[in-house]
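Quick notes on the structure that follows.
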Amino acid sequence: MLEIGEPRLNLITAISNSDQEEKIAALLHTQGCNIIYRALNIDLLTAFLASNNSKVNLLYTQDFINSAKLKELSTSYAGLRMIQLTEELNSQELLKQLAQISRPPLLHQLTRVNNLVAVLGTPGSPGISTITNHLAVFKSAQIIAAEHHNLRPQSRAKVETILASELDKKLSVLGSGFTIIDAGSSVALTKTISDRRMNALWLSHSLASAGNLIYVLKANDNGISYLAKFVSDFKKLLNPPPILFVLNQQRFDRRGQSIQSKFLEFVGNYPSFQIPQDHRSIHFQADAARSNHFWRSTTFDKQIQKIGNQLTG
């Protein structure tokens, strides 16, 4: 779950075992890392560092650099950040360490909680906020939304709108009640951790804390295209929370059946739901004060309830 966006996290490898180096490089590549140099020996490494002016991060093994040379490098290059690769350092821990050096530490340590759900989806207005609103009413949940997101539809549920920089503090003091984060859009969750922009910060904090994820896509060709990229990327995540997929605004004509078939193919064994196109749901959502108009015995409502029943917490 590591993003190397702007600015990129520049890495140097100093690994004696070529097989180990290839495995580490493959892992870092899947996370979007930028390996700018692979050192073959200590002399070449020293020469490269002397000619390089940018901040870099060195991944090294003990058999490549002895302690005296290591101390010399740390003294000579103040901006050099080093991570030692050991047998005990697994892939997940390595990515965590890289994430920590690529952004300031959180003021509040985030832990995953079962009563927190993050609803995200594809770009292009697939109905993330509308589905979040309906689920919040069904689950008697509060909603946490971001100030940097576009205007969202009104809801009968309690909605707290906060800055991305405040999300970690908010999540650290959640009570026992059900909470849903309006998490925004994403196509690749591996590209979130070290990106310093607001959208990525909001999404990475949501991902770190949520006990469940819901991914929403609109029932059209763009939605299916985004879904294919998302599922492929999601499988690369280390220890992600459970996820379910929602095909929104589904039609039941021939074109809709084709979209449905592709949707089921891409989500495979992941839990999935299909919500039909229902303009009344959006109208009633906006007319939030009229509670008797919110829930109707429609296929739309029944699918929302099925999704809600799938969530624990």
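We use all heavy atoms of the structure for the numbers below, so side chains are in, but hydrogens, waters and symmetry mates are not. Just so you know, residue 1 is the first one in the sequence shown, and it goes up from there.
L167 CG to S172 OG: the interatomic distance, rounded to the nearest 0.5 Å, is 9.5 Å. Taking CG of L44 as the start and CG of N41 as the end, the distance is 4.0 Å to the nearest 0.5 Å. Taking CD1 of I307 as the start and CD1 of I214 as the end, the distance is 6.0 Å to the nearest 0.5 Å. How far OG1 of T122 is from CD1 of I128: 6.5 Å, rounded to the nearest 0.5 Å. Residue Q142 holds its CD atom at 9.5 Å from CG of N115, rounded to the nearest 0.5 Å. In this structure, the separation between CD1 on I83 and OH on Y60 is 9.5 Å, given to the nearest 0.5 Å.
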Discussion item. Go through it in stages, so that I can follow the logic: the residues are L80 and N57, the test is side chain to side chain contact (heavy atoms under 4.5 Å, CB included), and I'd like the CA-CA distance, side-chain angles, deciding distance and then a yes or no.
Written reply: CA-CA 6 Å; L80 181 63; N57 307 277; over 6 Å; no
Before you tell me yes or no, could you show the steps for N52 and Y37 under side chain to side chain contact (heavy atoms under 4.5 Å, CB included), namely the whole-Å CA-CA distance, both residues' side-chain angles and the distance that decides it to 0.1 Å? CA-CA 11 Å; N52 181 72; Y37 188 69; over 6 Å; no
Please determine whether side chain to side chain contact (heavy atoms under 4.5 Å, CB included) holds for the pair L11 and I36, giving the CA-CA distance in whole Å, both sets of side-chain angles, and the decisive distance to 0.1 Å.
CA-CA 6 Å; L11 302 176; I36 62 173; over 6 Å; no
**Asked** Going through the checks in order, is the side chain to side chain contact (heavy atoms under 4.5 Å, CB included) test met by F245 and V231?
**Response** CA-CA 10 Å; F245 292 89; V231 172; 3.9 Å; yes
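Without hydrogens or angle criteria, S204 side chain to L201 main chain gives a donor-acceptor distance under 3.5 Å. With T130 contributing its side chain and G127 its backbone, the two residues share no donor-acceptor pair below 3.5 Å. Using modelled atom types, one side-chain atom of T46 and one backbone atom of I42 make a donor-acceptor pair closer than 3.5 Å. Of the possible donor and acceptor atoms, none in the side chain of S209 sits under 3.5 Å from a partner among the backbone N and O of S206. Within the 3.5 Å criterion, the main-chain N or O of K218 finds no donor-acceptor partner in the side chain of N248. Put simply, the side chain of K229 never gets that close to the backbone of V187: no donor and acceptor are under 3.5 Å apart.
In this structure, V137 and A157 approach most closely via the heavy-atom pair CG2-N, 4.0 Å. K139 and G308 make their closest contact through NZ-O, 3.1 Å (heavy atoms, listed as atom of the first residue, atom of the second, distance). Closest of all the heavy-atom pairs between P241 and L213 is CG-CG, 3.5 Å. Contact between L120 and A183 at its shortest, heavy atoms only, is CB-CB, 4.0 Å. Taking all atoms of both residues into account, the shortest heavy-atom contact from F48 to I12 is CE2-CD1, 3.5 Å. The two residues S186 and L203 have their closest heavy-atom pair at CB-CD2, 3.3 Å.
Residues E87 and L89 have side chains not in contact (no heavy-atom distance under 4.5 Å, counting atoms from C-beta outward). Two residues are said to be in side-chain contact when any heavy atoms from C-beta on lie closer than 4.5 Å; I243 and N212 fail this criterion. I181 has its side chain out of reach of I143: every pair of non-hydrogen atoms, C-beta onward, lies at least 4.5 Å apart. Counting heavy atoms from C-beta on, the side chains of L217 and V246 never come closer than 4.5 Å. Residues I275 and Q249 fail the side-chain proximity criterion, which asks for heavy atoms closer than 4.5 Å. Contact check for N133 versus P153: side-chain heavy atoms found under the 4.5 Å cut-off. Between R112 and N239 the shortest side-chain heavy-atom distance falls below 4.5 Å. At least one side-chain heavy atom of I144 sits less than 4.5 Å from a side-chain heavy atom of W202.
One hydrophobic cluster, built from ILVMFWY side chains closer than 4.5 Å, cannot hold both F252 and I304; they sit in different ones. Hydrophobic clustering (side-chain heavy atoms under 4.5 Å, transitive across Ile, Leu, Val, Met, Phe, Trp, Tyr) keeps L163 apart from L174.
Residues S129 and D182 have side chains that bring a donor and an acceptor to within less than 3.5 angstrom of each other.
Using a 30° and 60° split on the angle between ring planes, H134 and F300 fall in the perpendicular class, above 60°.
Under the side-chain contact (heavy atoms from CB on, under 4.5 Å) criterion, I15 pairs with T13, Q20, E21, I24, T61, L85, sequence neighbours left out. Evaluation of the side-chain contact (heavy atoms from CB on, under 4.5 Å) rule for T161 yields A145, E147, V159 as partners, not counting sequence neighbours.
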Output side-chain donor-acceptor pairs under 3.5 Å for residues 254-272, partner residues at least two apart or in another chain, one line each.
from, atom 1, to, atom 2, distance (Å)
R255, NH2, D221, OD1, 2.0
R255, NH2, D221, OD2, 2.7
Q260, NE2, Q274, OE1, 2.9

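For the salt bridge (Lys or Arg N to Asp or Glu O under 4.0 Å) condition, the pairs that include at least one residue of residues 57-69, sequence neighbours left out, are K69-E72. Listed by first and then second residue, the salt bridge (Lys or Arg N to Asp or Glu O under 4.0 Å) pairs that reach into residues 266-275 come to none, sequence neighbours excluded. Evaluation of the salt bridge (Lys or Arg N to Asp or Glu O under 4.0 Å) test over residues 33-53, restricted to residues two or more places apart or in two chains, returns E22-R38.
Under the 6.0 Å cut-off for aromatic ring centres, Y215 and F230 qualify, their centroids lying closer than that.
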